Each structure stands twice: as structure tokens, then as C-alpha cells.
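Letters A, B, ... mirror the listed sequences (proteins, then strands); counts begin at 1. Just so you know, these numbers come straight off a predicted model, no measurement behind them.
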There are 2 protein chains.
Amino acid sequence: MKMTYTIVELRDYLKRHDIKPSTIRIKVLEYLLNNRIHPTADDIYQSLINDIPTLSKTSVYNTLELFMKKGVVNALSLKEKELRYDINTYFHGHFRCEICGNVYDFPVSEKIIAVEELKGFVIRNVDINVYGICKKCNEKIKNKEEK
Amino acid sequence: MKMTYTIVELRDYLKRHDIKPSTIRIKVLEYLLNNRIHPTADDIYQSLINDIPTLSKTSVYNTLELFMKKGVVNALSLKEKELRYDINTYFHGHFRCEICGNVYDFPVSEKIIAVEELKGFVIRNVDINVYGICKKCNEKIKNKEEK
DNA sequence: ATTTAATTTTGTATTAATTTCAATTTTATT
DNA sequence: AATAAAATTGAAATTAATACAAAATTAAAT
């Protein structure tokens, strides 16, 4: 894992979001900031269990729940069994490749929800989820066909 | 339930989608066409169990799985435990009210995914999911505050 | 510093939607 | 009617997520 953030930075990040910085919370935050792969709770757990041998899954869930409430992460519901978590809370879309399973970010205009039919509706959250085959996997398929 | 479709129409609808029209499939299709509430598998099961007392949940899941494969329905993943199913396969967005739980449709331009970052990507499906408070629930809240 | 209170973390048990799969039933074919 | 193919059932398994009480840690108060 890349070590891009100091403990002080991580603590401050949490404090700014009104979260008391415990060891677990700092580690989960560090993982999310350094691994922008839209991980599942289990991804995070598996990665941290080496560092914190006493870590429980419940703690990971608790932490993510708190992070969501405080606006640190967003949950992604991508037609999979497991939820994924995204530390990038800026407005953007997600593309999940049906072959490799990777999730890509892409920019979207917020204007798309400025429609007559939603006047009077209070909008809290917008998810743009696209499913298909990513560029890499598509090129692999093309190469095979050409041989 | 509104009776808007004849058996012949339902059978033809399935046949056109390359699905052999069994009783269960006709009933599930009829329910989906007449109840455009984005139902869960359980909603469908609970509604049909009166008509077909021997119906099993597995059959509902099997039918929905087949319908998805054949492009009759789309599954909605709205950050709930259960998946919902939508017989309207035209491009549109979904708004789920966090208070009443209702899911509303709204129009979206397909252009939103015409971005540079997705060039070379094969797009199979697009979900636009919006979360918040619907007009009705919002007006109720406003009225309470005014009293 | 020690006691007390508050918070966080853990671990086990539970929940519930979905899946698996073999057995049964129904439908279609010869 | 017999046989083959397809659809349906029901029970068991799976598994992500939740609930919650006990344990551990941290913070506050004396």
C-alpha cells in the first residue's frame, strides 16, 4: 500500500468530519484514501487484519456506517451481493466491467437531474451506475477474434 | 389488480421475447405490467400465492432471472436488501423516497454517458438512481412545520 | 495516579435475501 | 400411452449485514 498520508493528516481528516480518530478509523480511512478501488467491507477487513489481528468485521461495518453518516464515504450498490464504498464523494459516475469486475469513475454533469418531474423533490444523493465491458477487456476480446 | 391484458396478449409478449409462456410466467408478467411499482421478488410472490397456491419463491426468482436474460425486465439495486424489478426497459431514472419508500420514474437524456472517459467501453446498462424525499412526503413535512 | 464514566471494539448469534440442486410435476414429442 | 424435455417445487445452504451484550480501551473526574 502506498503511504501517502501521515497519521496527523489522517487524524485531522477525521476530526474535520466530526469523527473521533481511533486506530481502526484511521486505518480504514488510510486504506480508502490509498486504495481507490471502491472496496467492499470485506476487502477492507482482509487488508487490515494483518495490521490489527484482533480486528472484527463488525468494527469495519461500524466504521463505514459512521463514515457514511458523517459524509466521508458513499456506498455503491452495483447489483452485486456486497456494497462497495467510495471515499470520493464528489459527483461522478461509476462503470462496472462485467468481465474483470473493476469499477471505473467517470465525470457526469449534475444537470441531468434538473428535470420537471423532480420539482418539489428533495435530492439527497445521486448514483449513476453503468454496466458493460471496459476498454481493456474489450480490446482483449478483439485481439482474440483477430488471431 | 387491473385487468388490462388478455391471456393472448401476455402469451404473445413472452413469445416475442423468446420465452415459452407457462402459467407462472404469464402471471408474473401480468403482475409486472399491471403493477408498475418496481416490485421485489417477494412482492410478486405474495401477490400471486393466492392465485397459485403451490407457487414457490424459487419459481419467482427463476422467472425473473429468465425475464432479465431475455430483456423483459431490469433489476434495480436501490441500496436496499432486496432487488426490485422494472418492466419498463426504456431509458429512464429512478427516485426512491427515503420516507415512504416509493420509487418514481423520471426521464433522463441518454447523452449523459457520452463522455470521453467511456470511449472504447461497451455499455450494456445504465442506472440513474436518485435518493431523497418525494414531493408528497416533503409537502406533509412542510404542513406539519406550519401548524 | 486511581476510580469512574463514556466510548469503542469484539464475538457470537441472528436475520433474511438469494442460490443451489435434486426430486417432482407438468408439458411436449414420438 | 410411453418417453423425453422442460418447468416447478421445497428444503438446505450461502452469505452479507445487523443486533447486541460483554470486554476492552480511552477519557474525565476526583
Next item on the list: Send over the distance from A/Glu65 CD to D/dT18 P, rounded to a whole Å.
Entry: 6 Å

Notebook entry, point to check: Near DNA chain D, which residues from residues 6-22 of chain B have a heavy atom under 4.0 Å away?
Noted result: B/Lys20, B/Ser22

Next item on the list: Grab the NZ-C1' distance between B/Lys81 and D/dA16 for me, whole Å please.
Entry: 12 Å

Margin query: Output the rounded distance in Å from CD1 (A/Ile24) to P (D/dT26).
Written below: 10 Å

Next item on the list: With a 4.0 angstrom cut-off to heavy atoms of chain B, pull out the first and last contacting nucleotide of DNA chain C, in 5'-to-3' order.
Entry: C/dA17 to C/dC21

Next item on the list: If the plane angle is over 60° it's perpendicular, under 30° parallel, otherwise tilted; pick one for A/His38 and A/His94.
Entry: perpendicular

Note to self: For a quick check, with a 4.0 angstrom heavy-atom cut-off, what is the B/S/- contact string for nucleotides 19-25 of chain D, read 5' to 3'?
What the structure shows: BB-----

Notebook entry, point to check: To the nearest angstrom, how far is B/Lys57 atom NZ from D/dA12 atom P?
Noted result: 16 Å

Margin query: What is the separation between atom CG on B/Leu83 and atom P on D/dA16, rounded to the nearest whole Å?
Written below: 15 Å

Note to self: Once ring-ring contact (aromatic ring centres under 6.0 Å, His included) is applied, do any residues pair with A/Phe95, and if so which ones, sequence neighbours excluded?
What the structure shows: B/Phe121

Check: Can you tell me how far C1' of D/dA17 sits from CD1 of A/Ile44, to the nearest Å?
Finding: 14 Å

Notebook entry, point to check: Does the pair B/Lys136/B/Glu139 count as a salt bridge with the N-to-O cut at 4.0 Å?
Noted result: no

Note to self: Between A/Asp42 and A/Lys57, does any side-chain N to carboxylate O distance fall below 4.0 Å?
What the structure shows: yes

Margin query: We want to know whether A/Asp43 and A/Thr40 form a side-chain donor-acceptor pair, criterion being a heavy-atom distance below 3.5 angstrom.
Written below: yes

Next item on the list: On the 0 to 90° scale, with breaks at 30° and 60°, tag the B/Tyr13-B/His17 ring pair as parallel, tilted or perpendicular.
Entry: parallel

Next item on the list: Would you please name every residue forming a ring-ring contact (aromatic ring centres under 6.0 Å, His included) with A/Tyr45, sequence neighbours left out?
Entry: none

Checklist line | Toward the 5' end of DNA chain C, by each residue's nearest nucleotide, B/Thr23 or B/Tyr61 | finding: B/Tyr61

Check: What is the minimum heavy-atom distance between A/Leu32 and A/Pro39, and which atoms define it?
Finding: CD2-CG, 3.8 Å

Notebook entry, point to check: When we call it a touch if two heavy atoms are under 4.0 Å apart, what does A/Thr40 touch: a base, just sugar-phosphate, or nothing?
Noted result: nothing

Next item on the list: Can you tell me the distance, in whole Å, between the CG atom of B/Leu64 and the P atom of D/dT8?
Entry: 12 Å

Next item on the list: Each residue besides A/Tyr131 in its hydrophobic cluster should be listed here, by chain and number; the cluster joins Ile, Leu, Val, Met, Phe, Trp and Tyr at side-chain heavy-atom distances under 4.5 Å.
Entry: A/Leu76, A/Leu78, A/Val103

Check: Once you round it to whole Å, what is the distance between P of D/dT9 and CZ of B/Arg25?
Finding: 11 Å

Item checked: salt_bridge(A/Asp86, A/Arg36) N-O dist < 4.0 Å -> no

Checklist line | Closest contact, heavy atoms only, A/Ile37 versus A/Tyr31 | finding: CD1-OH, 3.9 Å

